[in-house]
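Input: a single structure, listed below in structure tokens.
Residue numbers run from 1 in the order of the sequence given. Quantities reported herein were computed from a predicted structural model and do not represent experimental measurements.
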Amino acid sequence: MKLKDKVAIVVGGGSGIGRASATLLAQEGAKVMIADVVIENANKVAENIKANGGEASTVKVDFRKEEEVNEMARVTLEKYGKIDILVNTAGGIVGTLLPTNLTGNLPVRGAPVAEQTKELWDWMIDMNLNGPRHCVRAVINHMMERGSGKIVLFSSVAALDGLPNNSDYSAAKAGIIAFTKALAREVAPYGIQANCVTPSATWSEGRQAAMERGRQKGREIKVDMSGLAMPEELAEAVLFLVSSGSDH
């Protein structure tokens, strides 16, 4: 097992890349704290991990709220005594990949800059840049004190190519790349590695649900699966980045 006796927090672990990552890390011996705003999803993942002989716990967290993220770290330390790994997969595009209970009265789709409101911009930055920052801030001092740690954050190909009508999302995800690079330089002297995975579109539960909502509204939706990554594929990248194989 590559992660025997390691403790991992997976934020957004209730579905998609987070679900696949939490499951794989547990298979490799990690004790996994699954953090998600939809606690029912997190509980299902944890139950599946335990049914297959792994160890997992759950905590409900809206990672846009720093106090909830700090509580997530406290609960993990209380439960397992340490934090070796932080993986943040949470985030998304308003209306398309995120459940409506998180988006309130915001528009169901992204908007061009000419129509974009500050409310939408601020919400997207919170969801895709501030939230991941809160997660890192909550664990980094503990990792520095211990002299070890692995951090994996998720960006998007939108950060590199730009996504029309989603400049807020593109900017936030580009911010994740720059944040990770600066963080990696800061914490390398403490034996901590920080890395960022930058995937294209992923065949996640959120994407499937969004497509189904479109079909229910009468839209014809075709899916080119050849252009989509599977959550399990990205989980393999996460495993490499949090294992000793990536120490260099």
Side-chain angles (χ1 to χ4, degrees), residues 1-65 67-92 97-103 127 131-132 134-135 138-139 150-154 197 199 202-213 228-243:
M1 289 188 174
K2 296 179 180 179
L3 302 177
K4 183 175 173 56
D5 298 325
K6 299 294 184 180
V7 175
I9 298 176
V10 180
V11 185
S15 62
I17 302 168
R19 168 192 53 74
S21 297
T23 301
L24 183 57
L25 300 193
Q27 289 173 357
E28 290 293 336
K31 301 177 179 70
V32 183
M33 178 64 74
I34 302 169
D36 204 289
V37 70
V38 184
I39 193 63
E40 295 81 6
N41 290 347
N43 289 338
K44 289 178 183 177
V45 177
E47 289 168 6
N48 182 64
I49 287 173
K50 289 186 280 191
N52 286 281
E55 185 167 350
S57 302
T58 63
V59 59
K60 183 177 181 179
V61 61
D62 181 343
F63 77 157
R64 297 171 298 171
K65 300 175 181 177
E67 64 276 13
E68 291 193 19
V69 176
N70 290 338
E71 178 65 9
M72 172 192 75
R74 188 197 67 78
V75 167
T76 304
L77 289 171
E78 184 178 81
K79 174 76 175 180
Y80 296 118
K82 63 175 182 172
I83 300 169
D84 299 295
I85 297 163
L86 169 68
V87 179
N88 182 82
T89 67
L97 302 182
L98 295 168
T100 54
N101 65 314
L102 292 181
T103 57
M127 178 59 67
H134 297 335
C135 295
V139 306
K150 299 277 191 173
I151 296 171
V152 179
L153 303 179
F154 270 75
V197 179
T202 306
W203 189 238
S204 63
E205 290 92 331
R207 183 173 298 278
Q208 294 172 49
M211 290 180 175
E212 181 57 31
R213 290 194 297 270
L228 293 173
M230 302 304 291
E232 291 73 18
E233 293 176 300
L234 295 170
E236 293 286 351
V238 171
L239 174 61
F240 168 70
L241 292 173
V242 302
S243 72

For [X] against [Y], the heavy-atom pair lying closest together:
| X | Y | answer |
| --- | --- | --- |
| Lys79 | Ser57 | CE-OG, 3.3 Å |
| Ala22 | Ile49 | O-CD1, 3.7 Å |
| Asn88 | Pro132 | ND2-CG, 3.6 Å |
| Phe63 | His134 | O-CD2, 3.2 Å |
| Gly14 | Val45 | O-CG2, 3.7 Å |
| Ile34 | Ala46 | CD1-N, 3.7 Å |

Flag if over 12 foreign heavy atoms under 6.0 Å of NZ, Lys82:
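Result for NZ/Lys82: enclosed.
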Can you check whether [Y]'s main-chain N or O pairs, donor with acceptor, with [X]'s side chain at less than 3.5 Å?
| X | Y | result |
| --- | --- | --- |
| Lys150 | Ser243 | yes |
| Glu28 | Lys2 | yes |
| Asn70 | Ala138 | no |

| query | Can you check side-chain contact (heavy atoms from CB on, under 4.5 Å) on Glu68 and Glu71, steps first, answer last? | reply | CA-CA 5 Å; Glu68 291 193 19; Glu71 178 65 9; 5.5 Å; no
Would you indicate whether the side-chain heavy atoms of [Y] and [X] approach each other to under 4.5 Å?
| X | Y | value |
| --- | --- | --- |
| Leu239 | Leu3 | yes |
| Val32 | Thr23 | no |
| Val38 | Ser15 | no |
| Val242 | Lys6 | no |
| Leu25 | Val10 | yes |
| Thr76 | Val59 | no |

With rounding to the nearest 0.5 Å, note down the distance linking [atom1] in [X] to [atom2] in [Y].
| X | Y | atom1 | atom2 | result |
| --- | --- | --- | --- | --- |
| Asn43 | Asn48 | CG | CG | 12.5 Å |
| Lys60 | Asn41 | NZ | CG | 11.5 Å |
| Asp62 | Asp36 | CG | CG | 10.5 Å |
| Ile85 | Leu241 | CD1 | CG | 11.0 Å |

Note to self: Under a 4.0 Å threshold between the charged nitrogen and the carboxylate oxygen, would Glu232 count as salt-bridged to Arg19?
What the structure shows: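 Yes, Arg19 and Glu232 are salt-bridged.
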Check your understanding: Salt-bridged, Glu47 to Lys44, with N to O below 4.0 Å?
Key ->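 The answer is no: the pair does not qualify as a salt bridge.
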message: Is there a side-chain contact (heavy atoms from CB on, under 4.5 Å) between Val69 and Met72? Walk through the geometry before answering.
response: CA-CA 5 Å; Val69 176; Met72 172 192 75; 3.8 Å; yes
